[in-house]
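Accompanying notes for the structure given below.
Every chain is numbered from 1 and lettered A, B, ... according to where its sequence line falls, protein lines coming before strand lines.
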2 protein chains.
Amino acid sequence: MCEESTSGKSTGCHCAGGMPVERFMQPCLLLLLKQRSAHGYDLIQSLPEFGFNEKSLDPGTVYRNLRRLEEDGLVISHWDVGDGGPAKRLYRITDEGEEMLHAWAIHIGQQRKRMDNFLERYGAVFGTGKL
Amino acid sequence: MCEESTSGKSTGCHCAGGMPVERFMQPCLLLLLKQRSAHGYDLIQSLPEFGFNEKSLDPGTVYRNLRRLEEDGLVISHWDVGDGGPAKRLYRITDEGEEMLHAWAIHIGQQRKRMDNFLERYGAVFGTGKL
DNA sequence: AATCTATATAGACATAATACCTATAGAGGT
DNA sequence: ACCTCTATAGGTATTATGTCTATATAGATT
């Protein structure tokens with residue numbers, strides 16, 4: 001039901017929801033930027049650590065998120081043209097972004113509790129062997 | 001940042017995402033219907049057990065999900081006009097719905113792992129006291 | 001009789017999110 | 001010249017989401 005498509009086209013799996021890629025990407029980006037300032041391309045290399053795979057990691061999606069974070073004042077960037085290679089943006093987190101990261105962590109903790117509760121009930125009905 | 005609005009209007013909190021109400025509602029409805037057949041209104045009474053509050057529990061949303069589940073063949077319903085009161089639909093889960101429930105459980109388990117991983121990294125940066 | 005409340009379901013609508021696809025451009029190698 | 005890697009940006013169609021409103025029955029209250 002949740003198998004990957006072999007045709008390259010989306011199968012529109014109805015259970016794919018629950019945690020959309022983009023929204024979860026934002027706290028991941030903020031956490032990475034809390035640890036170190038980085039370019040978009042750097043961040044793309046690091047996001048697999050948070051469970052993003054090749055399919056869910058569209059570069060356009062990452063850059064769009066970074067632009068949105070900057071619009072919201074959660075990160076700031078400046079062009080970095082020094083060291084050869086194409087011009088790149090260096091992003092860093094703002095104080096506001098750090099506050100938002102804390103809010104995200106609380107929120108994610110709550111959602112995890114909800115999932116725990118769901119899985120507990122599921123296990124009670126079907127037996128824990130299913131998980 | 002995630003505080004409730006006192007004006008009654010949505011504040012558009014940017015960290016409210018990560019687990020949209022509607023999509024998570026579907027596995028909850030399927031699990032409830034696995035335990036017992038029920039009317040939409042019954043299900044609305046039970047959904048708070050899964051962390052839905054008054055604000056996130058719009059009846060229209062519940063009925064929309066039930067219709068969608070039926071469109072997808074995951075539940076079936078028939079009108080129940082016997083015992084007085086307005087006509088009501090009695091929903092029951094189908095075999096296909098049960099399979100989808102299993103897929104959901106696996107998916108939710110995976111997402112929980114992702115959240116655990118995030119919170120672990122968060123704790124490593126800020127200290128576990130923040131959670 | 002009229003009104004109110006609880007039960008019960010359904011649909012409309014605007015905005016936001018999501019996935020997917022394509023475009024642009026510099027640097028370095030073959 | 002061509003290809004690949006690095007690096008960023010934008011478009012678009014579809015779906016999701018939240019919110020609001022409409023409909024209707026039954027029973028209790030005034």
Side-chain angles (χ1 to χ4, degrees), chain A residues 4-5 7-26 29 38-47 52-72 75 77-91, chain B residues 4-5 7-26 29 38-47 52-72 75 77-91:
Chain A
E4 300 296 305
S5 149
S7 68
K9 277 286 166 193
S10 167
T11 51
C13 169
H14 287 285
C15 84
M19 173 162 277
V21 172
E22 288 218 12
R23 274 180 146 161
F24 185 61
M25 191 182 286
Q26 291 201 20
L29 290 171
H39 308 131
Y41 207 81
D42 282 338
L43 295 165
I44 291 171
Q45 311 307 310
S46 295
L47 278 173
F52 294 92
N53 55 45
E54 315 81 55
K55 285 179 77 74
S56 64
L57 230 185
D58 178 63
T61 301
V62 178
Y63 289 111
R64 178 169 26 177
N65 269 293
L66 287 168
R67 287 196 299 276
R68 185 159 50 173
L69 288 170
E70 189 158 28
E71 274 173 40
D72 294 341
V75 304
S77 73
H78 61 83
W79 283 103
D80 176 12
V81 285
D83 60 333
K88 57 194 77 167
R89 280 187 184 279
L90 183 66
Y91 285 95
Chain B
E4 301 296 303
S5 151
S7 67
K9 279 283 166 194
S10 167
T11 51
C13 167
H14 288 286
C15 83
M19 172 163 279
V21 172
E22 290 221 7
R23 273 180 146 160
F24 184 62
M25 192 181 285
Q26 291 200 19
L29 291 172
H39 308 131
Y41 208 81
D42 282 338
L43 295 165
I44 291 171
Q45 311 306 312
S46 295
L47 278 173
F52 294 92
N53 55 45
E54 315 81 52
K55 285 178 76 78
S56 65
L57 229 185
D58 179 63
T61 301
V62 178
Y63 290 111
R64 175 166 38 174
N65 269 294
L66 287 169
R67 287 196 300 276
R68 184 158 50 175
L69 287 171
E70 188 158 28
E71 275 173 40
D72 295 342
V75 305
S77 73
H78 62 83
W79 282 103
D80 177 11
V81 284
D83 60 333
K88 57 194 78 168
R89 281 188 183 280
L90 183 66
Y91 285 95

Nearest 0.5 Å please: distance from the OH atom of Tyr63(B) over to the CG atom of Leu43(B).
8.5 Å
Would you check if the side chain of Asp42(B) reaches a backbone N or O of Ala38(B) as a donor-acceptor pair within less than 3.5 Å?
no
Rounded distance in Å - CZ (Arg23(B)) to P (dA16(C))
18 Å
List for me each residue that meets side chain to side chain contact (heavy atoms under 4.5 Å, CB included) alongside Ser77(B), sequence neighbours excluded, and say none if there are none.
Glu70(B), Arg89(B), Tyr91(B)
What's touching nucleotides 7-12 of chain C from the protein side, N or O pairs under 3.5 Å?
unit_1, atom_1, unit_2, atom_2, d
dT7(C), OP2, Tyr41(B), OH, 3.0
dA8(C), OP1, Lys88(B), NZ, 2.6
dT9(C), OP1, Arg89(B), N, 2.5
dT9(C), OP1, Arg89(B), O, 3.2
dT9(C), OP2, Gly40(B), N, 3.1
dT9(C), OP2, Tyr41(B), N, 2.9
dT9(C), OP2, Tyr63(B), OH, 2.7
dA10(C), OP1, Arg89(B), NE, 2.8
dA10(C), OP1, Arg89(B), NH2, 3.3

Supply the atom-to-atom distance His39(B) NE2 to Ile44(B) CD1, rounded to the nearest 0.5 angstrom.
12.5 Å
In whole angstrom, give the distance that lies between atom CG of Asp80(A) and atom C1' of dA25(C).
16 Å
To the nearest 0.5 Å, what is the distance between CE on Met25(B) and CG on Leu69(B)?
10.5 Å
Once you round it to whole Å, what is the distance between P of dC20(C) and CE of Met25(A)?
12 Å
Those residues that, when tested against Gln45(A), pass side chain to side chain donor-acceptor pair (under 3.5 Å) (two or more places apart)
none
Between CG of Leu57(B) and P of dT17(D) the distance, given in whole Å, is 15 Å
Would you kindly give the CZ-to-C1' distance between Arg68(A) and dT8(D), to the nearest whole Å?
17 Å
